[in-house]
S.K.: 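One structure, as structure tokens, below. Some questions next.
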Amino acid sequence: MKNAAAKSLYAPQHLGRASDFTAAANNYAAKLQLCCQRGTSAYLRSAGVHSHMITSGFVPRGHILNRLIDIYCKSSNFNYAKKLFDEIPKPDVVARTTLISAYSASGNPKLAREIFDRTPLRIRDTVFYNAMITCYSHNNDGNAAIQLFNDMKHQSFKPDDFTYTSVLAALALIASHEKHCQQLHCAALKSGTGLITSVVNALLSVYVKCASSPSVSSSLLLSSARKLFDEMPVKDELSWTTMITGYVKNKDLDAAREVFDGMDEKLVVAWNSMISGYVQEGMVLEVFKMFRDMHSLGIKHDDFTYTNVLSACAAAGLFLHGKQIHAYILRTVEKPAWEFMVSVNNALITLYWKCGKIDQATNIFKSIGIKDLVSWNAILSAYVSVGKINEAKAIFDQMCDKNILSWTVMISGLAHHGFGEEALKLFSKMKSSGLEPCDYAFSGAITSCAVLAALEQGRQLHCQLIQLGFDSSLSAGNALITMYARSGVLDASYAVFLSMPCLDSVSWNAMIAALGQHGHGLKALELYEEMLEEHILPDRITFLTVISACSHAGLVEEGKRHFRSMDQIYGITPNEDHYARLIDLLCRAGKLSEAKEVIQTMPFEPGAPIWEALLSGSRLHGNTDLGAHAAEKLFEMIPQHDGTYILLANMFASVGRWDDVAKVRKFMRERGVKKEPGCSWLEVENKVHVFLVDDTVHPEVHQVYGYLKELVMRLRKLGYVPDTKYVLHDMESEQKEHSLSAHSEKLAVVYGLLKLPRGATIRIFKNLRICGDCHNAIKLMSKAEGREIIVRDVKRFHHFKDGECSCGNYW
């Protein structure tokens with residue numbers, strides 16, 4: 001009965017003879033074939049042909065139904081294709097394969113697998129398996145593709161060249177060891193497909209991609225790939241570009257160039273790959289040479305060529321060269337396609353902002369008619385990088401679509417520009433929106449914790465990193481080094497450094513800086529020597545951290561030697577920041593005359609950082625004349641900066657020049673300059689407690705003052721005498737002592753003593769430099785209470801323990 005119903009359903013309704021039905025079928029098949037040959041735009045016409053079938057009473061059979069399903073799939077009308085498929089009582093393997101391929105193209109391997117699993121084993125064939133393996137490969141599920149390939153062989157289906165091409169593409173997604181490549185290579189050879197060009201190309205891709213894995217010997221795998229490439233009987237465009245790109249990605253440009261020079265036909269893709277490699281390695285001259293050679297040989301530049309060359313100009317800061325390329329594009333490219341212009345404009349946005357032309361970058365962004373996500377991310381990165389955070393937030397809020405890069409750029413931008421709390425809120429919002437953060441997003445969030453000194457939150461993020469498998473991430477590891485160091489946990493910082501599987505110059509710089517800030521100057525220099533032994537070349541940041549470490553530890557001769565080595569050994573010209581560190585090094589050591597000589601012989605006019613270092617050193621060593629001279633220079637350069645006035649007033653107060661102190665204060669009032677109030681804070685039970693000078697706001701401040709009064713009495717028995725020279729007001733001695741006792745760092749330490757369990761380290765953070773009296777008092781507090789107390793001020797860390805400080809009183 002069922003068979004009869006099925007036959008009636010697929011028999012012609014009013015076509016009398018079988019010959020009529022056959023003629024109609026052939027006519028419809030020819031029309032559908034013609035529609036397919038005319039491309040995607042003609043798929044709508046196929047719907048008209050199908051409509052005619054329905055109105056004429058013609059009920060299509062097998063091959064026409066399969067053709068209709070294929071057409072509807074290719075025109076993205078999956079629902080109608082599925083409807084047609086479901087109306088077939090027993091769809092054949094062709095229909096099933098068509099639908100699997102359609103789901104693959106639309107990124108839905110789950111629905112494809114449902115069709116696959118409902119297909120009886122007896123009607124499956126190799127092409128059917130190929131479609132499902134390709135689906136997994138195209139949708140980045142390499143493990144599922146490999147598993148299905150093994151199942152296929154277990155069910156005695158013979159893989160063909162298309163099978164191996166697809167499964168090798170899947171293996172390229174996950175291969176991390178040489179044996180993975182070799183096993184499938186052997187299987188392909190045994191099957192007789194090992195010399196087919198498409199299979200060999202796929203094998204080449206597997207070898208070169210696996211060579212990028214940190215757990216393998218890249219040279220060994222690239223040698224295997226090269227041997228395979230050299231033995232290929234026929235090489236096509238993909239063969240050449242795969243081999244060249246493989247060498248480029250593994251930074252072997254000499255080998256890439258050797259293959260490139262051996263090409264008979266110079267393919268645009270190969271030229272672009274070589275140019276890209278030179279861009280990545282900063283070889284700008286080679287980039288320009290290849291660009292010119294393409295032109296002289298008549299090889300047409302495409303959007304990839306231009307974006308690569310513009311990227312080289314942006315990285316090297318060659319604004320005029322980039323501008324010439326821009327003009328050349330406008331002059332020579334006629335009626336460019338949208339895809340061409342949007343990618344070139346995106347590169348131009350980056351060129352202009354990196355060369356300090358943010359307004360021009362903004363104009364280019366606005367000129368793009370239909371912007372893609374790369375355009376939005378490019379201008380977002382531009383505003384973040386130049387510190388225009390409000391503009392960046394406005395752009396971020398305007399973005400309809402955001403990817404992981406958009407969120408990461410905004411989070412990192414907020415973190416690096418001091419908006420740590422906002423960055424952490426945005427990180428939480430990103431997670432709640434359903435996006436899984438990448439290691440770079442975690443890096444931005446961890447940097448926020450470093451800015452806020454939010455140790456517990458940083459530890460939680462560290463745990464999440466480990467849970468998600470990002471613990472080996474270079475960017476996250478570097479952020480953790482800094483976070484732990486800036487939170488006062490140097491041991492944890494060093495433990496992260498030692499556990500990182502891969503280190504770059506940023507890692508070494510971060511750890512050297514951490515040691516220097518915590519007062520371990522000699523250890524910082526030892527680590528610097530280790531870095532050199534590992535063949536990591538120092539950069540500008542390295543020398544800033546090294547000279548700073550010497551400055552904090554009083555290693556004057558070592559600091560001077562490393563400063564000289566910048567230019568003499570490494571060819572790095574010191575800039576103003578390096579000179580400021582050198583001046584600071586000399587001034588801390590009391591070598592003010594030598595500091596003056598350095599300033600006078602500098603190859604450029606000294607800026608604010610230089611005079612600030614000189615003023616600070618003059619205050620420290622009581623050279624009021626030199627300090628006043630430095631302050632005058634700063635008043636001209638940064639008249640609204642409160643630090644200059646405070647340092648100058650401190651210097652005058654320390655020698656009892658109260659009239660001059662009064663003049664400085666009057667000067668501040670006349671200029672409308674307000675002193676940043678000193679504050680200190682600590683974290684207790686996941687809550688941050690902030691204390692101000694003479695605090696009356698904190699709810700437990702009376703208890704703090706009471707315990708502080710009792711503690712000071714005990715400290716006096718240990719030899720504590722309030723150092724009233726740090727009081728900036730001319731008042732009676734008793735009043736001065738009271739004023740000193742209300743400093744924010746003292747209040748914060750006492751609160752930690754009251755609230756943190758015995759034996760717990762007290763970590764205090766201060767927005768200004770710790771005063772000398774507080775430094776002496778906290779040393780004795782650590783002894784009287786048997787506690788380790790760590791204070792991070794605006795300059796460095798002080799570790800107080802057993803009545804001593806890690807700075808050795810050199811600060």
S.K.: Ignoring hydrogens and angles, state whether a donor on the side chain of Ser343 or Asn346 is under 3.5 Å from an acceptor on the partner side chain.
M.R.: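 Their side chains do not contain a donor-acceptor pair, so the 3.5 Å distance test is not met.
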S.K.: Does Tyr129 form a ring-ring contact (aromatic ring centres under 6.0 Å, His included) with Phe116? I'd like the steps, not just the answer.
M.R.: CA-CA 9 Å; Tyr129 272 95; Phe116 182 89; 5.3 Å; yes
S.K.: When you look at Asp117 and Glu114, which way does the side-chain contact (heavy atoms from CB on, under 4.5 Å) test go after all the steps?
M.R.: CA-CA 5 Å; Asp117 289 338; Glu114 287 178 9; over 6 Å; no
S.K.: Taking all non-hydrogen atoms of both residues into account, name the closest pair between Pro159 and Tyr164 and its distance.
M.R.: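 Of all heavy-atom pairs spanning Pro159 and Tyr164, the closest is CB-CE1, 3.7 Å.
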S.K.: Do Asn308 and Val287 have side chains that approach each other closer than 4.5 Å (heavy atoms only, starting at C-beta)?
M.R.: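 No, their side chains stay 4.5 Å or more apart.
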S.K.: Would you check if the side chain of Ser205 reaches a backbone N or O of Asn201 as a donor-acceptor pair within less than 3.5 Å?
M.R.: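 Answer holds: no.
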S.K.: Minimum heavy-atom separation for Ala479 to Thr447, with atom names?
M.R.: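 Heavy atoms of Ala479 and Thr447 come nearest at CB-OG1, 4.0 Å.
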S.K.: How long is the straight-line distance from CG of Leu380 back to OG of Ser375, given to the nearest 0.5 Å?
M.R.: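 One finds 12.0 Å between OG of Ser375 and CG of Leu380.
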S.K.: Tell me, which pairs form a ring pair (Phe, Tyr, Trp, His ring centres under 6.0 Å) where one or both residues lie in residues 235-280, sequence neighbours left out?
M.R.: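 Sorted pair list: Phe229-Trp240, Phe260-Trp271.
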S.K.: Verify the distance criterion only: is there a donor paired with an acceptor across the side chains of Gln147 and Asp151 at less than 3.5 Å?
M.R.: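 Gln147 vs Asp151: donor-acceptor pair found between side chains.
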S.K.: Does Ser166 reach the main-chain N or O of Phe162 with its side chain, forming a donor-acceptor pair under 3.5 Å?
M.R.: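 Yes; at least one donor-acceptor contact below 3.5 Å.
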S.K.: Between Ile368 and Ile349, does a side-chain contact (heavy atoms from CB on, under 4.5 Å) hold up when you go through it step by step?
M.R.: CA-CA 11 Å; Ile368 303 173; Ile349 291 170; 4.1 Å; yes
S.K.: Rounded at 0.5 Å granularity, tell me how far CE in Met430 sits from CD1 in Ile411.
M.R.: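 Going from CE on Met430 over to CD1 on Ile411, the span is 5.5 Å.
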S.K.: Would a 4.5 Å heavy-atom cut-off, applied to side chains only, mark Phe157 and Thr163 as touching?
M.R.: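 Heavy-atom side-chain distance check fails, nothing below 4.5 Å.
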S.K.: Check the pair Thr197 / Met232 against side-chain contact (heavy atoms from CB on, under 4.5 Å), numbers first and verdict last.
M.R.: CA-CA 7 Å; Thr197 302; Met232 286 182 73; 4.0 Å; yes
S.K.: Roughly how far apart are Arg257 CZ and Met290 CE, rounded to 0.5 Å?
M.R.: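 The CE atom of Met290 is 4.5 Å from CZ of Arg257, to the nearest 0.5 Å.
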S.K.: Take atom CG in Asp401; do more than 12 heavy atoms of anything else shown fall under 6.0 Å from it?
M.R.: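 12 or below, so no.
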S.K.: Within the side chain of Asn403, is there an N or O that forms a donor-acceptor pair under 3.5 Å with the backbone of Leu405?
M.R.: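 Confirmed, Asn403 side chain pairs with Leu405 backbone.
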S.K.: Any chance NZ of Lys431 has more than 12 other-residue heavy atoms, nucleotides or ligands included, within less than 6.0 Å?
M.R.: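 Above 12, so yes.
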S.K.: Short question: side chain of Thr126, backbone of Lys158 - any donor-acceptor pair under 3.5 Å?
M.R.: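 A pair under 3.5 Å: yes.
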S.K.: How far apart are the closest heavy atoms of Met294 and His301, and which atoms are they?
M.R.: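 Nearest heavy atoms, Met294 then His301: CB-NE2, 3.6 Å.
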S.K.: Search all heavy atoms of Ala202 against all heavy atoms of Thr165 and return the closest pair with its distance.
M.R.: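 Looking at all heavy atoms of both residues, the shortest contact is CB-O, 3.9 Å.
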S.K.: Ignoring hydrogens and geometry beyond distance, is a side-chain donor-acceptor pair present between Arg113 and Tyr136 at under 3.5 Å?
M.R.: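 Arg113 vs Tyr136: donor-acceptor pair found between side chains.
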S.K.: With a 4.5 Å cut-off on side-chain heavy atoms, are Thr305 and Ile299 touching?
M.R.: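 The answer is no; the side chains never approach within 4.5 Å.
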S.K.: Are any non-hydrogen side-chain atoms of Leu435 and Lys402 less than 4.5 angstrom apart?
M.R.: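 Leu435 vs Lys402: side chains apart.
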S.K.: So, Ser137 side chain and Thr134 main chain: donor-acceptor pair closer than 3.5 Å or not?
M.R.: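 Pair absent, no side-chain N/O of Ser137 close to backbone of Thr134.
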S.K.: Can any side-chain N or O of His185 pair as donor or acceptor with the backbone N or O of Cys181 at less than 3.5 Å?
M.R.: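 A pair under 3.5 Å: no.
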S.K.: Check the side chains of Asp504 and Ser507 for a donor-acceptor pair under 3.5 angstrom, ignoring hydrogens and angles.
M.R.: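 Per modelled atom types, Ser507 and Asp504 side chains form a pair under 3.5 Å.
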S.K.: Do Leu184 and Phe149 make a side-chain contact, defined as non-hydrogen atoms from C-beta onward lying under 4.5 Å apart?
M.R.: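 Yes - at least one pair of side-chain heavy atoms lies under 4.5 Å apart.
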S.K.: Which atoms form the tightest heavy-atom contact between Ala312 and Val284, and what is the distance?
M.R.: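 Nearest pair, atom of Ala312 first, then Val284: O-CG2, 4.4 Å.
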S.K.: List the atom of Val200, the atom of Leu228, and the distance in Å for their closest heavy-atom pair.
M.R.: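 That closest heavy-atom pairing would be CG1-CG, 3.8 Å.
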S.K.: Indicate yes or no for a side-chain donor-acceptor contact from Arg124 to the backbone of Thr119 under 3.5 Å, with no hydrogens or angles considered.
M.R.: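 Yes: the side chain of Arg124 pairs with the backbone of Thr119.
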S.K.: Find the distance between CG (Leu173) and NE2 (His138) and round it off to the nearest 0.5 Å.
M.R.: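 Taking CG in Leu173 and NE2 in His138, the distance rounds to 10.0 Å.
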S.K.: Please assess Cys135 against Met132 for the test side-chain contact (heavy atoms from CB on, under 4.5 Å), listing each intermediate value before the final yes or no.
M.R.: CA-CA 5 Å; Cys135 175; Met132 194 65 228; 4.0 Å; yes
S.K.: Establish, yes or no, whether a centroid distance under 6.0 Å links the rings of Phe427 and Phe442.
M.R.: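 Aromatic pair counts; centres sit under 6.0 Å.
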S.K.: Would you say that Met399 contacts Met410 through its side chain, given a criterion of any heavy-atom pair below 4.5 Å between the two side chains?
M.R.: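 Heavy-atom side-chain distance check fails, nothing below 4.5 Å.
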S.K.: Is a side-chain donor or acceptor of Ser276 paired with a backbone partner of Asn272 at a separation under 3.5 angstrom?
M.R.: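 The answer is no, because no donor-acceptor pair under 3.5 Å joins these two groups.
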S.K.: With Ser273, which of Thr242, Thr241, Thr245 fulfils side chain to side chain donor-acceptor pair (under 3.5 Å)?
M.R.: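 Going through the options one by one, the only one that passes is Thr245.
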S.K.: Would you say Ile174 and Ile146 make side-chain contact, with heavy atoms under 4.5 Å?
M.R.: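 Yes, their side chains come closer than 4.5 Å.
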S.K.: Output the distance between atom CD1 (Ile370) and atom CE (Met341), rounded to the nearest 0.5 Å.
M.R.: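 The CD1 atom of Ile370 sits 13.5 Å away from the CE atom of Met341.
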S.K.: Residues in side-chain contact (heavy atoms from CB on, under 4.5 Å) with Ser428, at least two apart?
M.R.: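 Checked Ser428 against side-chain contact (heavy atoms from CB on, under 4.5 Å); zero matches.
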S.K.: Donor-acceptor pair, distance only, cut-off 3.5 Å: does the side chain of Asp236 make one with the backbone of Leu238?
M.R.: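 Checking the backbone N and O of Leu238 against the side chain of Asp236, a donor-acceptor pair under 3.5 Å is found.
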S.K.: Identify, with sequence neighbours excluded, every residue that meets side-chain contact (heavy atoms from CB on, under 4.5 Å) alongside Ser475.
M.R.: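 Applying side-chain contact (heavy atoms from CB on, under 4.5 Å) to Ser475 gives Asp439, Tyr440, Ser443, Ser473.
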S.K.: Using modelled atom types and a 3.5 Å cut-off, is there a donor and acceptor pairing between side-chain atoms of Asp92 and backbone atoms of Ala95?
M.R.: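 Such a contact is found between Asp92 side chain and Ala95 backbone.
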S.K.: Kindly say whether the aromatic ring centers of Phe365 and Trp376 come within a distance under 6.0 Å.
M.R.: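 Here the rings of Trp376 and Phe365 have centres that are less than 6.0 Å from each other.
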S.K.: Going from CG on Leu148 to CD1 on Ile133, what distance comes out if it is rounded to the nearest 0.5 angstrom?
M.R.: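 The distance works out to 5.0 Å.
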S.K.: Heavy-atom distance under 4.5 Å between the side chains of Val208 and Leu222, does that happen here?
M.R.: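 Side chain of Val208 against side chain of Leu222, heavy atoms only: contact under 4.5 Å found.
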S.K.: For Phe304, look at atom CZ and say whether over 12 heavy atoms of other residues, nucleotides or ligands are found less than 6.0 Å away.
M.R.: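 Counting other residues, nucleotides and ligands, CZ of Phe304 stays at 12 neighbours or fewer.
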